[in-house]
Amino acid sequence: MSELRSDIRSDIRADRIALFGNLQSADTQPRFWDRVADDVDWTVEGTHPLAGRYRSKKEFLGSTFTRLAGVLPGGAMLEVENVFVDGDTTVVELLSTSRTNEGAAFANRYCWVCRFEGDLVVEVRAYLDSMMVAYTILRNELEAQG
(Lines give C-alpha, C1' and ligand atoms only; values in the text may rest on other atoms or scores of the structure.)
Protein backbone atom coordinates (compact mmCIF):
# COMPACT_ATOMS: atom_id res chain seq x y z
CA MET A 1 0.00 0.00 0.00
CA SER A 2 2.80 2.48 0.84
CA GLU A 3 4.40 1.74 -2.55
CA LEU A 4 1.14 2.69 -4.28
CA ARG A 5 0.93 5.92 -2.26
CA SER A 6 4.52 6.68 -3.19
CA ASP A 7 3.71 6.18 -6.89
CA ILE A 8 0.69 8.48 -6.62
CA ARG A 9 2.77 11.16 -4.87
CA SER A 10 5.41 10.86 -7.60
CA ASP A 11 2.74 11.20 -10.31
CA ILE A 12 1.26 14.27 -8.60
CA ARG A 13 4.69 15.86 -8.16
CA ALA A 14 5.57 15.22 -11.82
CA ASP A 15 2.23 16.72 -12.86
CA ARG A 16 2.83 19.84 -10.75
CA ILE A 17 6.37 20.28 -12.08
CA ALA A 18 5.00 20.12 -15.63
CA LEU A 19 2.11 22.44 -14.76
CA PHE A 20 4.30 25.18 -13.29
CA GLY A 21 6.87 24.61 -16.03
CA ASN A 22 4.30 26.09 -18.42
CA LEU A 23 5.04 29.51 -16.89
CA GLN A 24 8.42 29.65 -18.68
CA SER A 25 7.01 30.97 -21.93
CA ALA A 26 4.11 33.12 -23.11
CA ASP A 27 3.34 30.32 -25.59
CA THR A 28 2.79 27.71 -22.86
CA GLN A 29 1.34 29.89 -20.09
CA PRO A 30 -2.28 29.30 -21.21
CA ARG A 31 -1.81 25.63 -20.24
CA PHE A 32 -1.07 26.80 -16.70
CA TRP A 33 -3.96 29.27 -16.54
CA ASP A 34 -6.38 26.59 -17.79
CA ARG A 35 -5.76 24.78 -14.50
CA VAL A 36 -6.42 27.83 -12.30
CA ALA A 37 -10.01 28.14 -11.06
CA ASP A 38 -11.93 31.12 -12.43
CA ASP A 39 -12.78 32.06 -8.83
CA VAL A 40 -9.25 31.52 -7.48
CA ASP A 41 -8.42 33.34 -4.24
CA TRP A 42 -4.93 34.74 -4.97
CA THR A 43 -3.07 36.87 -2.44
CA VAL A 44 0.13 38.64 -3.47
CA GLU A 45 1.97 39.54 -0.28
CA GLY A 46 4.07 42.66 0.12
CA THR A 47 3.97 46.42 -0.15
CA HIS A 48 4.31 47.04 -3.86
CA PRO A 49 1.98 47.98 -6.75
CA LEU A 50 0.93 44.35 -7.42
CA ALA A 51 0.24 43.42 -3.78
CA GLY A 52 -3.31 42.60 -2.84
CA ARG A 53 -5.99 39.97 -2.68
CA TYR A 54 -7.62 38.96 -5.94
CA ARG A 55 -10.88 36.99 -5.99
CA SER A 56 -10.77 35.75 -9.58
CA LYS A 57 -8.32 34.63 -12.24
CA LYS A 58 -9.42 37.52 -14.44
CA GLU A 59 -8.81 40.10 -11.69
CA PHE A 60 -5.44 38.57 -10.79
CA LEU A 61 -4.18 38.39 -14.37
CA GLY A 62 -5.36 41.91 -15.20
CA SER A 63 -3.74 43.41 -12.13
CA THR A 64 -0.46 41.49 -12.22
CA PHE A 65 0.61 39.57 -15.33
CA THR A 66 -0.98 42.08 -17.73
CA ARG A 67 0.60 44.97 -15.85
CA LEU A 68 3.98 43.23 -15.85
CA ALA A 69 3.68 42.67 -19.61
CA GLY A 70 3.84 46.46 -19.97
CA VAL A 71 7.26 46.62 -18.30
CA LEU A 72 8.68 43.20 -19.24
CA PRO A 73 8.83 42.59 -23.01
CA GLY A 74 7.45 39.11 -23.52
CA GLY A 75 5.76 39.26 -20.11
CA ALA A 76 6.61 37.47 -16.91
CA MET A 77 8.52 34.27 -17.65
CA LEU A 78 9.04 32.03 -14.64
CA GLU A 79 11.35 29.06 -14.29
CA VAL A 80 10.63 26.33 -11.74
CA GLU A 81 13.37 25.92 -9.14
CA ASN A 82 11.70 23.65 -6.57
CA VAL A 83 8.33 21.97 -6.06
CA PHE A 84 7.11 20.54 -2.76
CA VAL A 85 3.81 18.63 -2.58
CA ASP A 86 1.93 17.70 0.58
CA GLY A 87 -1.66 16.59 0.14
CA ASP A 88 -3.66 19.32 -1.61
CA THR A 89 -0.88 21.88 -1.09
CA THR A 90 1.95 22.56 -3.50
CA VAL A 91 4.74 25.02 -2.74
CA VAL A 92 6.66 26.14 -5.78
CA GLU A 93 9.77 28.30 -5.94
CA LEU A 94 10.11 30.21 -9.19
CA LEU A 95 12.74 32.48 -10.73
CA SER A 96 11.86 35.17 -13.23
CA THR A 97 13.96 35.02 -16.38
CA SER A 98 12.39 38.19 -17.81
CA ARG A 99 14.07 41.44 -18.76
CA THR A 100 12.73 44.95 -18.24
CA ASN A 101 11.95 47.49 -20.96
CA GLU A 102 15.35 48.99 -20.10
CA GLY A 103 17.06 45.66 -20.75
CA ALA A 104 17.88 44.92 -17.11
CA ALA A 105 17.41 41.43 -15.71
CA PHE A 106 14.22 41.03 -13.69
CA ALA A 107 15.63 38.12 -11.68
CA ASN A 108 12.87 38.11 -9.09
CA ARG A 109 12.32 35.05 -6.93
CA TYR A 110 8.83 33.86 -6.06
CA CYS A 111 7.38 31.39 -3.62
CA TRP A 112 3.78 30.37 -4.26
CA VAL A 113 1.85 28.33 -1.72
CA CYS A 114 -0.97 26.78 -3.77
CA ARG A 115 -4.00 24.81 -2.67
CA PHE A 116 -5.53 22.46 -5.21
CA GLU A 117 -8.97 20.97 -5.48
CA GLY A 118 -8.46 18.04 -7.80
CA ASP A 119 -6.46 19.36 -10.75
CA LEU A 120 -7.36 23.03 -10.22
CA VAL A 121 -5.45 25.70 -8.31
CA VAL A 122 -8.07 27.32 -6.05
CA GLU A 123 -5.98 29.38 -3.64
CA VAL A 124 -2.52 30.96 -3.77
CA ARG A 125 -0.39 33.00 -1.41
CA ALA A 126 2.49 34.50 -3.38
CA TYR A 127 5.69 35.90 -1.88
CA LEU A 128 8.28 37.89 -3.85
CA ASP A 129 10.87 40.66 -3.72
CA SER A 130 8.62 43.68 -3.14
CA MET A 131 11.35 46.24 -3.74
CA MET A 132 12.31 44.75 -7.12
CA VAL A 133 8.67 44.74 -8.28
CA ALA A 134 8.03 48.30 -7.07
CA TYR A 135 11.20 49.65 -8.65
CA THR A 136 10.66 47.87 -11.98
CA ILE A 137 7.01 48.82 -12.33
CA LEU A 138 7.34 52.43 -11.23
CA ARG A 139 10.50 53.15 -13.22
CA ASN A 140 9.36 51.42 -16.42
CA GLU A 141 5.77 52.71 -16.30
CA LEU A 142 7.03 56.28 -15.80
CA GLU A 143 9.41 55.93 -18.75
CA ALA A 144 6.59 54.64 -20.93
CA GLN A 145 4.47 57.69 -20.01
CA GLY A 146 7.25 60.21 -20.42
Side-chain angles (χ1 to χ4, degrees), residues 5 7-145:
R5 256 189 259 150
D7 288 346
I8 291 169
R9 282 195 302 266
S10 293
D11 289 348
I12 290 171
R13 186 171 188 282
D15 173 72
R16 303 286 161 79
I17 290 169
L19 173 64
F20 289 100
N22 289 319
L23 293 167
Q24 271 188 293
S25 160
D27 295 335
T28 57
Q29 284 182 4
R31 288 186 223 149
F32 174 79
W33 297 114
D34 285 347
R35 297 227 352 235
V36 174
D38 290 338
D39 62 348
V40 68
D41 184 353
W42 199 305
T43 302
V44 179
E45 302 289 350
T47 55
H48 53 85
L50 304 182
R53 188 169 186 187
Y54 305 98
R55 301 295 184 134
S56 73
K57 178 170 43 176
K58 182 178 179 179
E59 181 185 16
F60 172 74
L61 286 172
S63 297
T64 60
F65 271 66
T66 300
R67 190 164 181 192
L68 284 171
V71 299
L72 304 174
M77 294 177 283
L78 306 174
E79 182 177 292
V80 175
E81 292 198 310
N82 289 299
V83 174
F84 306 93
V85 178
D86 185 16
D88 67 354
T89 301
T90 297
V91 178
V92 60
E93 294 177 319
L94 302 155
L95 172 65
S96 171
T97 58
S98 306
R99 299 197 80 70
T100 69
N101 289 340
E102 302 169 306
F106 183 70
N108 205 343
R109 294 191 178 277
Y110 298 84
C111 180
W112 292 356
V113 180
C114 307
R115 187 170 62 81
F116 281 74
E117 286 182 5
D119 285 341
L120 282 181
V121 177
V122 295
E123 184 180 2
V124 179
R125 286 184 323 279
Y127 302 88
L128 50 99
D129 183 339
S130 289
M131 187 64 161
M132 182 181 287
V133 170
Y135 178 81
T136 299
I137 287 191
L138 298 175
R139 181 172 170 95
N140 283 269
E141 284 183 346
L142 286 175
E143 273 193 18
Q145 294 171 1

Contacts satisfying salt bridge (charged side-chain N to carboxylate O under 4.0 Å, His left out) that involve residues 61-84 (not counting sequence neighbours) are Arg67-Glu141, Glu81-Arg109
Residues passing the side chain to side chain donor-acceptor pair (under 3.5 Å) test with Thr136, sequence neighbours excluded, are none
Are any of the side-chain heavy atoms of Thr43 and Val124 separated by less than 4.5 Å? no
Applied to residues 47-59, the salt bridge (charged side-chain N to carboxylate O under 4.0 Å, His left out) test, sequence neighbours excluded, yields Asp38-Lys57, Asp41-Arg53
Correct closest heavy-atom pair for Ser96 and Phe106 would be OG-O, 2.7 Å
Correct closest heavy-atom pair for Gly46 and Ala51 would be O-CB, 3.2 Å
- Query: Does any N or O in the side chain of Arg99 come within less than 3.5 Å of the main-chain N or O of Pro73, such that one atom is a donor and the other an acceptor?
  - Reply: no
Sorted by chain and residue number, the side chain to side chain contact (heavy atoms under 4.5 Å, CB included) partners of Phe84 (sequence neighbours excluded) come out as Asn82, Val91, Glu93
Rounding to 0.5 Å, atoms CG (Leu19) and CZ (Arg35) come to a distance of 4.5 Å
Here the side-chain hydrogen bond (donor to acceptor under 3.5 Å, both in side chains) pairs for residues 17-30, sequence neighbours left out, are none
Nearest heavy-atom approach of Gly70 to Asn101 is O-ND2, 2.9 Å
Practice task
Please tell me if the side chains of Arg139 and Thr100 come closer than 4.5 Å, counting only heavy atoms from C-beta onward.
Solution key: no
Sorted by chain and residue number, the side chain to side chain donor-acceptor pair (under 3.5 Å) partners of Asp34 (sequence neighbours excluded) come out as none
So salt bridge (charged side-chain N to carboxylate O under 4.0 Å, His left out) across residues 43-52, not counting sequence neighbours, yields none
Let me see the working for Trp112 and Leu23 under side-chain contact (heavy atoms from CB on, under 4.5 Å), right down to the final yes or no.
CA-CA 13 Å; Trp112 292 356; Leu23 293 167; 3.6 Å; yes
Phe116 meets the ring pair (Phe, Tyr, Trp, His ring centres under 6.0 Å) criterion, sequence neighbours left out, with none
Residues at least two apart in sequence or cross-chain that pass ring pair (Phe, Tyr, Trp, His ring centres under 6.0 Å) with Tyr54, listed by chain then number, are Phe60
Heavy-atom nearest pair, Gly74 first then Ala26, reads O-CB, 4.1 Å
(Q) So Ser63 and Leu50, do their side chains get closer than 4.5 Å, heavy atoms only? (A) no
Applying side chain to side chain contact (heavy atoms under 4.5 Å, CB included) to Arg115 and not counting sequence neighbours gives Asp88, Glu117, Val122, Glu123
Taken to the nearest 0.5 Å, the spacing of Leu128 CG from Leu94 CG works out to 10.5 Å
Met131 meets the side chain to side chain contact (heavy atoms under 4.5 Å, CB included) criterion, sequence neighbours left out, with Asp129
Value for OG (Ser98) from CG (Leu78), rounded to nearest 0.5 Å, stands at 6.5 Å
Residue pairs meeting ring pair (Phe, Tyr, Trp, His ring centres under 6.0 Å), one or both in residues 11-31, sequence neighbours left out, come to Phe20-Phe32
Legend entry - 4.5 Å side-chain heavy-atom contact, Leu68 and Ile137: yes
